[in-house]
Amino acid sequence: MAEINIKQVAKRFGKTQALHSIDLNVEDQEFLVLLGASGCGKTTLLRIIAGLETASDGEVWIGGKRIDKLRPKDRGIAMVFQNYAVFPHLTVFENIAFGLRMQKLDQSTIDKRVKRTSELMHIDSLLERYSGQLSGGQRQRVAVARALATEPSVLLMDEPLSNLDALLRMEMRAELKTVLAESKTTTVYVTHDQVEAMSMADRIAVMHEGEIVQSASAIEVYRDPATQFVGSFIGNPPMNFLNAKSSGNGEWNIEGLLLQGPSDRTAIQFAIRPEDLQLCGVKSSTESNTDQLIEPDKLHATVRVIEPLGSHKLASCKVGDALFRVVLDSDSSVSAGDVLALKPLPDRVRWFDPESNKAMA
Amino acid sequence: MHPRLLPYLLLLPAAFFLCVFFLYPFFLVAWQAFFTDAGEYTTEFFSEMLGHWKFEGALKNTLILTLIVVPIQTALALFMATLVSGMKKGRDIALYIWTIPLGISDLAAGIIWLAIFEQTGFLNSFLYTLGLIDQPQTFLGYQSKTTIFVAIVLAEVWRATAIMLVILVAGMGLIPKEYYECADVFGASRWKQFTRITLPLLKPSLQTALILRVILAFEVFAVVVTLGGTNLPVLMSEIYVWQFDLRDAHVAAAYAMVVLAISILCTLVIMWALRTPKEARI
Ligand SMILES: Nc1ncnc2c1ncn2[C@@H]1O[C@H](COP(=O)(O)OP(=O)(O)OP(=O)(O)O)[C@@H](O)[C@H]1O
Ligand SMILES: [Mg+2]
């Protein structure tokens, strides 16, 4: 059993507060992805779990044992470093075998494990090379193979696939996921690639400025972002936000669109994903009658730019003064200047408190 | 002007300087070792050197001194460099203090240690005050070659370890911290980290430090002469004796050739033993 419990862990580097009181539990055999923008503290949190950094506050438990005073080697972990840390004086084979040699395994086991992990990472033809003779992506895969070879109960990976091309990354993603599920490894996986996060994670923990703002399944994080940040960080294009004005009795006016919402507020933000809008009508810019008729159950968006993206078209529009993105069918003939009448799917509308930026029930 | 030529042009003054003040005297010495004053080639000076009763002792003493002093210094310098590199605070101060002996000439160092070991020296008065001896002892007399030897080793270690230390500290500073973190995660003890990571990655610095130190060890002179006088001949002191006391520049030159030969040989051996394949460097 190797569940990880992080209790109120904080980290200060001099004046910068890298982590604010983090609470996080990773279940045994779970695949948890830490997702967040650059500099939000992902690496710092991983290094605290690994024991390479001491927390300024809080406790770290693995498998029911408090481990934050133990040396990294006594924590039963393996790690893939963000900067690889592949030893330059050892061949690829010896790099992968490093952890195994430290565990004093016999040569035949070492041979077997190196062979298996190097084949998995597609570097079995490079075993005799030195790190200096590898490409960045190959070096990164050596780092992953080295960590996998030790068959740890907890595996910490810091952006392990960031340097691979899109195709190889997709393949590695699937293989890693399978292998780790088979070996029943508890994994904490850092990335700032949200597609990677969504596709691999049992659970995603979204970090923002040293805090975990939401930790939930991929679909929940996408559908029900806990804060505005999550909504705008996850999803490409991001979620749309518009200010709503109260017209009494829990009814809200969003640039002409009238919707029933939470009633106990004076200010609120309306949010909707770009693909959750139904196109009900287009008024071409060439039509003389610009004095449009306002329908109270539609949003009226003026198209600024159309980006054809293959599977769909992305329209960047203006609603009032705010930027508003809409996903359109790739066949649609909308062009810049047109006014779209959009109907939000009722069960996909979300409300946010503009003061705390948190989602409202 | 062609930009490719510029570096060579800039090197020219230094090269000229080297030729005049190094290569020319070097050829003069080599000439003196192999040719008579009349200009005939001869091996007679080498035979004279080899036949002299002090030659074997001088060669042996030099080699044994080197073999004892250099390993001690290497181990000590590695140990001290590890300590210094691991320090968070006070690292510079420790380094300054440990390198003070570097600022002292070898003759001065010899005199300092003579002041400790001689009949009226610190060691005698110290032992006498403690009541361990009832009269001053002769530590450095002609009967006590071993003591002389130990004194010289002590003085040399004290005087010249820091030069290796400085080179090794600089070399250790070049090894990225993340290799140690990685080794730590993958279960390497402190000792394993030292043997598996520090030593192999330190090879280039170790090479430089060893070559420098070994060559200097073959040239040991002032410390030996102050502490041992004529009781413990080494190659360098023999060169001095032949050149200035016996006034035979030819045999002195032959000695110099021997020092040169073993220096080159050792340099080659060290370079080969501590070679790093180009692709395996940091
Ligand atoms: N050793 C350090 N000293 C001072 N500040 C640090 C140190 N390490 C990290 N920080 C700061 O802590 C914050 C979090 O850094 P961290 O490396 O954890 O970010 P990250 O989420 O891993 O970013 P990225 O995605 O770019 O790797 C950053 O603001 C960084 O500047
Ligand atoms: Mg990072």
Side-chain angles (χ1 to χ4, degrees), chain A residues 43 46-53 67 70-92 94-105 126 128-134 139 142-152 154-158, chain B residues 74 78 81-83 85-91 167-211 270-282:
Chain A
T43 299
L46 216 59
R47 286 170 59 85
I48 287 174
I49 301 175
L52 298 171
E53 209 85 67
I67 49 121
L70 297 185
R71 296 271 311 272
K73 70 186 179 77
D74 302 322
R75 298 187 177 199
I77 52 159
M79 183 163 174
V80 180
F81 289 78
Q82 186 168 10
N83 44 19
Y84 324 142
V86 172
F87 301 119
H89 60 292
L90 299 179
T91 59
V92 169
E94 284 304 323
N95 260 292
I96 300 176
F98 188 85
L100 310 174
R101 295 227 189 273
M102 292 305 132
Q103 293 174 6
K104 300 203 167 63
L105 299 182
L126 307 173
E128 296 312 312
R129 296 222 198 148
Y130 286 96
S131 160
Q133 300 167 302
L134 301 177
R139 215 170 292 158
V142 174
V144 176
R146 176 175 60 191
L148 288 178
T150 60
E151 299 182 355
V154 172
L155 180 57
L156 309 171
M157 297 205 261
D158 201 344
Chain B
T74 311
L78 275 171
T82 315
L83 285 188
S85 300
M87 281 183 186
K88 291 212 172 67
K89 275 182 205 152
R91 171 198 154 109
I167 297 174
L168 294 183
V169 167
M172 282 186 187
L174 290 178
I175 304 176
K177 195 172 91 241
E178 62 244 32
Y179 294 141
Y180 293 103
E181 293 183 339
C182 182
D184 225 350
V185 165
F186 285 104
S189 60
R190 280 281 141 79
W191 176 248
K192 276 267 154 62
Q193 290 179 28
F194 180 71
T195 56
R196 296 292 179 103
I197 295 172
T198 308
L199 278 186
L201 291 177
L202 202 59
K203 264 200 222 161
S205 310
L206 208 52
Q207 206 179 40
T208 314
L210 268 178
I211 291 174
I270 293 169
M271 279 173 77
W272 176 82
L274 293 178
R275 71 197 178 286
T276 326
K278 205 163 93 218
E279 59 274 14
R281 299 195 187 138
I282 297 180

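All of these numbers come straight from a predicted model, not from anything done at the bench. In what follows, chains are A, B, ... by sequence order, proteins preceding strands, each numbered from 1.
Both the backbone and the side chain of A:Ala147 come within contact range of chain B, judged by heavy atoms closer than 4.5 Å. With a 4.5 angstrom heavy-atom cutoff, B:Pro176 does not touch chain A via any of its atoms.
A salt bridge does not link A:Arg129 with B:Glu279: every distance from a Lys NZ or Arg NE/NH1/NH2 to an Asp or Glu carboxylate oxygen is 4.0 Å or more.
Counting non-hydrogen atoms of neighbouring residues, nucleotides and ligands closer than 6.0 angstrom, the CE atom of B:Met87 exceeds 12 such neighbours.
Between atom CG of residue B:Asp184 and atom CZ of residue A:Arg75 there is a gap of 10.0 Å, rounded to the nearest 0.5 Å. Of the inter-residue distances, the one linking A:Glu53 atom CD with B:Glu181 atom CD reads 7.5 Å to the nearest 0.5 angstrom. In this structure, B:Lys278 NZ and A:Tyr130 OH are separated by 13.5 Å, a value rounded to the nearest 0.5 Å. With rounding to the nearest 0.5 angstrom, the CD1 atom of B:Ile197 is 8.0 Å from the CG atom of A:Leu90.
Using a 4.5 Å cut-off on side-chain heavy atoms (C-beta onward), A:Arg71 and B:Arg190 make contact. In this structure the side chain of A:Arg146 reaches within 4.5 angstrom of the side chain of B:Phe186, judged on heavy atoms. Looking at heavy atoms from C-beta onward, A:Asn83 lies in side-chain contact with B:Glu178 at the 4.5 angstrom threshold. Looking only at side-chain heavy atoms (C-beta outward), B:Lys203 and A:His89 stay at 4.5 Å or farther from each other.
Smallest separation of non-hydrogen atoms from A:Ala85 and B:Cys182: O-SG, 3.9 Å. In terms of heavy atoms, A:Lys73 sits closest to B:Ser189 at CE-CA, 4.2 Å.
Of the listed residues (A:Leu100, A:Val86, A:Leu52), the one with the most heavy-atom contacts under 4.5 Å to chain B is A:Leu52.
Using the six-membered ring where Trp is involved, B:Tyr179 and A:Phe87 have ring planes that are tilted, between 30° and 60° apart.
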